[in-house]
Amino acid sequence: MIMESKIVFIGAGNMAEAIVSGMVEGGFCAPEKVIMTDVRPERLADLAKEYGVSTSTDNRTVKNAEIVVLAVKPQMMLDVLKGIAPVIRSETLIISIAAGIPAAKIEAVLGGKCRVVRVMPNTPALVGQGASAIAAGTLADEADLEVAEAMLGCVGITVRVAESDLDAVTALSGSGPAYVFYLLEGMLAAAEKMGLDKATARTLALKTVEGAARLMEDSGETADVLRAKVTSKGGTTEAAVCSLDKAGVKEAVVQALLAAQKRSIELSHG
Ligand SMILES: NC(=O)c1ccc[n+]([C@@H]2O[C@H](COP(=O)([O-])OP(=O)(O)OC[C@H]3O[C@@H](n4cnc5c(N)ncnc54)[C@H](OP(=O)(O)O)[C@@H]3O)[C@@H](O)[C@H]2O)c1
């Protein structure tokens, strides 16, 4: 899909940059079609230089946009929506990447006529390896979901979900990279205790995480089957897994994700 529409990004932070970079490099749209807005002129100047996009410190530039991507922090969203509500056209497609702001809220503040698609990306999007879930608001149609899929597809994979599943998605893949980093913190602390050189340990640990994910994807096996395959009786892996089981790590991970989902629900109602 090649976009000819004018696309305005409100909030030129990390996520917006990742998506714009992927879009421009992936040929989704020409840089001249993109306008990025932010409160920081120096940030906008850097982005204009890097990607050849237009920029503005005035969010009301959305008035001529066919697509608006809301990429400010959730706590800024209400002010931003109120600011653009008087000028936005009802035909504009709104794509929101903000965590925890329901589509109905965005629709209501913008006058009840805009089509809204919500997206929950994750930080590996910054290196083109994101996992984004996409959900339609009340008025968004198939074509709108396809636009969001094509856009987020420039920085990784996309899946469609019902909006009611976005809190679970936030807990799984939105916050998910942090769980992997947490595991890596432990693995690398152990490597240091065992006297391995830092750089060597980092290289081995990172390839292990990446390789394990690739093995599971390519083999189509479940995680428990693959784990059983590398766990021979009386061996080193069994010693490690017994230690994890004794500490209740698997149940702690389950509880951690449920806590993240609960927090996401609280934030969306806050
Ligand atoms: N990072 C993630 O892992 C992740 C994952 C999923 C979803 N998201 C969502 O993505 C969105 C953006 O996250 P991010 O990490 O890219 O945040 P970020 O780097 O803080 O970017 C937000 C940008 O918006 C600017 N801004 C603040 N108020 C504004 C206003 N009124 N008008 C225009 N721009 C304004 C901010 O400037 P100042 O810094 O000066 O305030 C900042 O440059 C958030 O809603 C977040 O929930 C992020």
Side-chain angles (χ1 to χ4, degrees), residues 7-23 34-48 50-51 53-63 65 68-88 94-103 105-106 109-110 116-135 148 151-152 154-159 161 163 165-182 257 260-261 263-268 270:
I7 308 172
V8 175
F9 279 76
I10 302 188
N14 297 320
M15 268 300 164
E17 179 176 3
I19 298 168
V20 167
S21 153
M23 277 171 30
V34 178
I35 301 179
M36 301 182 81
T37 77
D38 202 281
V39 287
R40 296 179 294 161
E42 67 291 352
R43 168 76 177 153
L44 292 174
D46 288 347
L47 293 168
E50 180 74 27
Y51 303 106
V53 297
S54 306
T55 61
S56 172
T57 50
D58 186 353
N59 291 339
R60 287 169 302 176
T61 188
V62 298
K63 67 177 180 291
V68 170
V69 181
L70 300 170
V72 291
K73 291 279 190 211
Q75 56 272 27
M76 303 304 306
M77 191 60 88
L78 197 55
D79 282 349
V80 165
L81 290 173
K82 284 182 183 161
I84 63 172
V87 295
I88 202 150
I94 310 288
I95 299 178
S96 170
I97 65 165
I101 311 279
K105 176 127 195 181
I106 299 170
V109 182
L110 295 183
V116 176
V117 173
R118 280 185 64 193
V119 177
M120 174 48 61
N122 65 7
T123 48
L126 302 175
V127 291
Q129 297 292 318
S132 299
I134 291 173
M151 183 183 282
L152 274 299
C154 296
V155 288
I157 62 113
T158 62
V159 297
V161 298
E163 190 183 7
D165 282 336
L166 279 181
D167 296 308
V169 166
T170 303
L172 179 65
S173 52
S175 303
Y179 316 147
V180 178
F181 299 137
Y182 191 89
L257 268 76
Q261 181 196 30
R263 186 68 188 132
S264 177
I265 293 166
E266 284 165 7
L267 289 172
S268 357

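All ligand and atom numbering here is 1-based and tracks the order in the structure.
- Between Gly174 and ligand 1, no pair of N/O atoms sits closer than 3.5 Å.
- Backbone and side-chain nitrogen or oxygen atoms of Met76 are examined, and none is located within less than 3.5 angstrom of a nitrogen or oxygen of ligand 1.
- When the heavy-atom distances from atom 3 (O) of ligand 1 to Thr123, Asn14, Thr170 are ranked, the shortest goes to Thr123.
- The shortest N or O to N or O distance between Met15 and ligand 1 is under 3.5 Å.
- In this comparison of Ser175, Pro121, Ala133, the heavy atom closest to atom 6 (C) of ligand 1 sits on Pro121.
- Residues Asp167 and Ser268 form a side-chain contact, since some pair of their non-hydrogen atoms from C-beta on lies under 4.5 Å apart.
- Residue-ligand proximity, Val80 to ligand 1, at heavy-atom distances under 4.0 Å covers atoms 30 (C), 31 (N).
- Of all atoms in ligand 1, listed by their number and element, those nearer than 4.0 Å to a heavy atom of Pro74 are 44 (C), 45 (O), 47 (O).
- Taking only non-hydrogen atoms, the option from Ile97, Asn59, Leu126, Leu267 nearest to atom 33 (C) of ligand 1 is Asn59.
- Annotation: the span from Leu44 atom CG to Ile35 atom CD1 amounts to 11.5 Å, rounded to 0.5 Å.
- Distance check: Ile10 CD1 to Ile84 CD1 gives 4.0 Å after rounding to the nearest 0.5 Å.
- When side chains are defined from C-beta on, Thr55 does not count as touching Arg43, because their heavy atoms never get closer than 4.5 Å.
- Scanning the protein for heavy atoms near atom 44 (C) of ligand 1, the closest one is Val72 O, 3.3 Å.
- Contacts between Met120 and ligand 1, counted as non-hydrogen atom pairs separated by less than 4.0 Å, involve the side chain only.
- Within the 4.5 Å cutoff, no side-chain heavy atoms of Gln261 are placed close to those of Thr170.
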